[in-house]
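Comments concern the structure below.
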Amino acid sequence: MNTTDRDFFARNGYLNLGVFLDPDEVRYFLGLFDEDRRQYPYFWHPYGYHQEANYNALITTSEFDRLVRHPRILPAIEELMGGPVCFGEIGLRGMGPYTGDLHQGWHRDRPHWSEHPLRMDYIQLMVYLTDVDEGTHCFSLSPESVDDAVLDDPAAQLVRGGVYDLHGPAGTCALFNVSVLHTATTRTTQAQRKTAQIYYGHRHRPPLANDSGIPAVFWRDDPDPETRAFYGVLNERTRLYMAAFGPPED
C-alpha cells in the first residue's frame with residue numbers, strides 16, 4: 001500500500017489490486033470452493049438474485065482462514081482501516097449461466113461512519129476465483145469520494161459517480177468500502193462466476209451481521225492471542241452456537 005493507492009481509495013471508495021493471487025493460490029482456493037460446494041450442499045442457499053452462497057465457510061472449510069488472513073492482503077486492509085481489524089464475515093458465492101435481462105440491485109451494506117478518515121466502518125475483500133469480463137457476471141460499484149456528500153438516492157449517486165465494473169482473470173482482488181453503492185451485475189452468459197467475499201471491521205465496533213459463524217478453534221482455542229483477537233468480535237449467531245454446543249459447565 002502506497003500513498004497513490006490510499007489517495008485513489010479516498011477518491012473512489014475502492015482499490016483494484018489486480019491479479020493478486022498467484023496461479024497456485026487460485027487453484028488451491030478454487031479447489032476448496034468446489035469441494036465445499038460438493039461436500040456440504042446443505043450449507044449453500046439461494047442468495048440475492050441468481051446466486052448461491054455459503055456464509056459459514058469457516059465452519060465447513062476452515063482452510064479459508066488462509067485467504068481471510070492472507071499475509072499480503074491483510075496489511076493493506078489494516079492500513080486503510082487505520083489499525084488492527086477483526087473478522088466480519090465470509091461468503092462463498094456462485095453465479096451460474098443465465099439467460100434474461102441484465103439485473104442490478106444497487107445497495108449500501110452499512111451507513112458511512114463519519115468518524116473514520118475514509119468514512120469506513122467495514123471493508124470488503126472481493127476475490128475472483130474465475131475469469132470475469134464484459135461477457136460474464138461481475139461486481140459493480142459507483143465510485144464515491146470521501147469529499148462527496150452522501151446521496152441517499154441511488155439514482156442520483158449513479159449519475160454523479162457513474163459505474164465501475166470490476167473485470168479481471170481468476171486471482172483478481174479488490175478492496176472497497178461497503179458503504180459505497182454497489183451490486184452484483186447479472187447478465188446473459190454461459191460462464192460461472194465464483195467469488196470469495198470477506199468483510200473486516202474495527203475491533204471496537206459492533207459486529208457486522210449474523211451471517212457467518214466463527215469457529216471456536218479460532219476465537220477461543222487458538223494459542224495465538226492475535227488470532228483470538230482477530231476472530232474475537234462475536235456476533236449473535238456465534239454466541240448461539242457457543243451456548244448450544246459449548247463445553248458443559250463444571
Is there a side-chain contact between [X] and [Y] in this structure, where contact means two heavy atoms from C-beta onward sitting under 4.5 Å apart?
| X | Y | result |
| --- | --- | --- |
| Leu208 | Asn235 | no |
| Gln190 | Thr99 | yes |
| Gln197 | Gln124 | yes |
| Val163 | Leu158 | yes |
| Val132 | Arg193 | yes |
| Val19 | Leu21 | no |

Which class fits the ring pair [X] and [Y]: parallel under 30°, tilted 30 to 60°, perpendicular over 60°?
| X | Y | value |
| --- | --- | --- |
| Phe87 | Tyr231 | tilted |
| Phe176 | Phe139 | tilted |
| Phe43 | Tyr40 | perpendicular |

Answer yes or no: is there an ion pair linking Arg228 with Asp222, defined by an N-O contact shorter than 4.0 Å?
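Answer for the salt bridge query: no.
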Test: Arg38 and Glu35 ion pair at under 4.0 Å
yes
More than 12 non-hydrogen atoms from neighbouring residues, nucleotides or ligands closer than 6.0 Å to [atom1] on [X], yes or no?
| X | atom1 | result |
| --- | --- | --- |
| Asp101 | CG | no |
| Asp221 | CG | yes |
| Arg205 | CZ | yes |

Report the C-alpha separation of Leu166 and Asn16 in whole Å, then their side-chain angles, then the decisive distance to 0.1 Å, and conclude whether the side-chain contact (heavy atoms from CB on, under 4.5 Å) test is met.
CA-CA 8 Å; Leu166 178 67; Asn16 182 351; 3.5 Å; yes
Is it the case that one hydrophobic cluster holds both [X] and [Y], taking links as side-chain heavy atoms less than 4.5 Å apart, direct or via other members?
| X | Y | answer |
| --- | --- | --- |
| Phe29 | Tyr128 | yes |
| Phe20 | Phe9 | yes |
| Val180 | Leu151 | no |
| Ile214 | Phe230 | yes |
| Met81 | Val233 | no |

State whether the side chain of [X] and the backbone N or O of [Y] hold a donor-acceptor pair below 3.5 Å, judged by distance alone.
| X | Y | value |
| --- | --- | --- |
| Asp148 | Ser145 | yes |
| Ser179 | Arg110 | yes |
| Asn12 | Phe8 | yes |
| His137 | Arg187 | yes |
| His112 | Ser114 | no |
| Asn56 | Ile59 | no |

Classify the side-chain pair [X]/[Y] by whether it contains a donor and acceptor separated by less than 3.5 Å.
| X | Y | value |
| --- | --- | --- |
| Ser142 | Arg160 | no |
| Asp7 | Thr4 | no |
| Asn54 | Thr60 | yes |
| Tyr122 | Asn177 | no |
| Arg66 | Tyr28 | yes |
| Glu63 | Thr61 | no |
| Thr185 | Ser140 | yes |
| His167 | Asp131 | no |
| His103 | His50 | no |
| Asp109 | Tyr199 | yes |

Walk me through whether Thr186 and Leu102 qualify under side-chain contact (heavy atoms from CB on, under 4.5 Å).
CA-CA 6 Å; Thr186 308; Leu102 183 141; over 6 Å; no
To check you understand the geometry: which heavy-atom pair defines the closest contact between [X] and [Y], and what is its length?
| X | Y | answer |
| --- | --- | --- |
| Ala209 | Glu89 | CB-OE1, 3.7 Å |
| Thr189 | Gly135 | OG1-O, 2.9 Å |
| Asp22 | Glu25 | OD1-N, 2.8 Å |
| Arg237 | Asn210 | NE-O, 2.6 Å |
| Arg37 | Trp44 | CA-NE1, 3.3 Å |
| Ala196 | Leu92 | CB-CD2, 4.0 Å |

[atom2] on [Y] to [atom1] on [X], rounded to 0.5 Å:
| X | Y | atom1 | atom2 | result |
| --- | --- | --- | --- | --- |
| Met1 | Glu79 | CE | CD | 5.5 Å |
| Leu181 | His107 | CG | NE2 | 8.5 Å |
| Asp121 | His116 | CG | NE2 | 9.0 Å |
| Ser212 | Leu58 | OG | CG | 7.0 Å |
| Ile73 | Ile198 | CD1 | CD1 | 7.5 Å |
| Leu17 | Asp5 | CG | CG | 7.5 Å |

Residue pair Arg69, Glu78: steps toward the salt bridge (Lys or Arg N to Asp or Glu O under 4.0 Å) verdict:
CA-CA 11 Å; Arg69 293 189 292 161; Glu78 290 175 332; over 6 Å; no
Kindly determine whether Glu144 and Arg119 satisfy salt bridge (Lys or Arg N to Asp or Glu O under 4.0 Å), including the steps that lead there.
CA-CA 11 Å; Glu144 178 186 277; Arg119 305 193 300 192; 3.5 Å; yes
May I ask you to check whether Tyr55 and Tyr47 place their ring centers less than 6.0 Å from one another?
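Yes: the rings meet the under 6.0 Å criterion.
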Go through the steps for Gln157 and Val150 under the test side-chain contact (heavy atoms from CB on, under 4.5 Å), then give the verdict.
CA-CA 8 Å; Gln157 170 57 38; Val150 177; over 6 Å; no
Applying side-chain contact (heavy atoms from CB on, under 4.5 Å), run through Asp147 and Arg11 and close with a yes or a no.
CA-CA 8 Å; Asp147 297 321; Arg11 292 193 308 272; over 6 Å; no
